[in-house]
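Chain letters run A, B, ... following the sequence lines, proteins first, then strands; residues in each count from 1. As a basis for the values below, the full set of heavy atoms in this structure was taken, side chains included, without hydrogen atoms, waters or symmetry mates.
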Number of protein chains: 2
Amino acid sequence: MDDIDQRIIASLIADARQSYAEIGTRVSLSAPAVKRRVDRLRAGGVIRAFTTVVDPAAVGWTTEAFVELFCTGRTTPAQLTVATRRHPEVVGAYTVSGEADALVHLRAADITHLEQALERLRAEPFVTSTRSMIVLSRLVDSPTVIPTPTAG
Amino acid sequence: MDDIDQRIIASLIADARQSYAEIGTRVSLSAPAVKRRVDRLRAGGVIRAFTTVVDPAAVGWTTEAFVELFCTGRTTPAQLTVATRRHPEVVGAYTVSGEADALVHLRAADITHLEQALERLRAEPFVTSTRSMIVLSRLVDSPTVIPTPTAG
DNA sequence: GGTGAAACTATTCGCAG
DNA sequence: CTGCGAATAGTTTCACC
C-alpha cells in the first residue's frame, strides 16, 4: 500500500466504473499497471466490492431508524452478528461503548414495516430493552470516505 | 421504474463493474437496452453513484463513533447540515426523534483524531451537549441495501 | 426494445528496467 | 518485482429498424 494505491482507491471510490486507462492517467501509470494493483488490492481485502449508491426513497425504503440495544449480560458479539444479519432491514450493527450494548441501523419501506422489524428485533432472546431514534432527515450520508487520514 | 429496473439496480449494487451485456443476460435484455435504462436511472437520480467499498482499517481509519447531538431550541436542519459537512470525519448525520436532536456518525484515524473531531463538533455554537458511543466492533455494515422492499 | 458496425477498453502477452 | 507497449478479445455506443 503506497501512495499510488491510495490514489487509485480514491479514484475508484469517486467512480467505480472508470476504465483502468482513465485511472492510469490520473495516477501516471499504464492501464495494465493499474489493473495489477487493483487485483492485488482486491485479493488483499483492501477493496471489498464495487457497488452502486441508490436513492433509498426511489427504491421504496423511505423510513430509517437507529436503535440502541440493551442486552443481557452474557451476550456475545457473535450472537449479535448472527441475530442482526437475520433481519433484512438491518443495514448496520455495531457494538458500542456507553449505556447501550449495540447500535442497529434499520431501513424499512414505511413506519409499519419499521415497526414490524423492530418487534422482530425486540423478540430476540438476549434483548432486554431498546431505545429508538427515527431518522427525520438525512443531513449527510457519505457512501464511503475518501481516504485522507492525516487530517488531525 | 418497473421490475426490470429493480433487477438492474440489484445487479449493479452487487457489482458495479459488471458489463451491460452481463446484466442483460440476468434481466433478459440486450446490452444497449440495459445501458439506456441505466442512463435513465442515473439521470433521474435513482442511481446516485458507482463507488468502491474499502476496508476502513486498510485505509487508516480504525476508529468510529456515533454521537448524539443535543442542540439549542432554535437550531435548523440546514444549520446542522452546513456544520456537520465542515468536518471531514462526519460520514453520516441525521436529525432524529427521541431525546437527541441529531445523530452523527464519525470516522477517524485513531482515538486522538476522534477526540479532536469531537471537540471541534462540540465547539459548534448550537451544540449544548453530546453523548458518544464509540464503536467497539462492526457486526453488520451493508454498503447498500439490496432492494426487496415488499417484505412486510 | 433489438441489431450490427465502429470506436474504445480490457486483458494477456513478451520484454525491459 | 513492477511497469511498459502491442495484439487479441470483449464492451460501449451509435445509427437504424
Within the structure, does a side-chain N or O atom of Lys35(B) lie under 4.0 Å from either OP1 or OP2 of dT13(D)? yes
Over how many whole Å does the gap from Ile23(A) atom CD1 to dT9(C) atom P extend? 12 Å
Out of dG2(C), dT12(D), dT9(C), which nucleotide sits closest to the side chain of Ser19(B)? dT12(D)
Check whether any side-chain nitrogen or oxygen of Arg37(A) sits under 4.0 Å from OP1 or OP2 of dG3(D), and answer yes or no. yes
Rounding to a whole Å, what distance do you find between Arg36(B):CZ and dT13(D):P? 13 Å
Sugar-phosphate only, base, or nothing, as touched by Ser30(B) at under 4.0 Å among non-hydrogen atoms: base
Between Arg17(A) and Ala31(A), whichever has its closest DNA chain D nucleotide further toward 5' is Ala31(A)
Check the distance between dT12(D)'s P and Gln18(B)'s CD and give it to me in whole angstrom. 10 Å
When you check the gap from the basic side-chain N to the acidic O, do Asp2(A) and Arg37(A) get nearer than 4.0 Å? yes
Would you indicate which nucleotide in dT13(D), dA6(D), dT11(D) comes nearest to any side-chain atom of Pro32(B)? dT13(D)
Is the closest basic N to carboxylate O distance between Arg138(B) and Asp141(B) below 4.0 Å? yes
Rounded to whole Å, how long is the line connecting atom CG of Asp39(B) with atom C1' of dT12(D)? 10 Å
Between CG of Leu29(A) and C1' of dG17(C) the distance, given in whole Å, is 15 Å
Integer-rounded Å distance: dT12(D) P and Tyr20(A) OH: 13 Å
Does a side-chain N-to-carboxylate-O contact under 4.0 Å join Glu64(A) and Arg107(A)? yes
Could you state the atom-to-atom distance from CD of Glu22(A) to P of dA7(C) in whole Å? 20 Å
Examine distances only and state if a side-chain atom of Thr51(B) and a backbone atom of Ile13(A) form a donor-acceptor pair shorter than 3.5 Å. yes
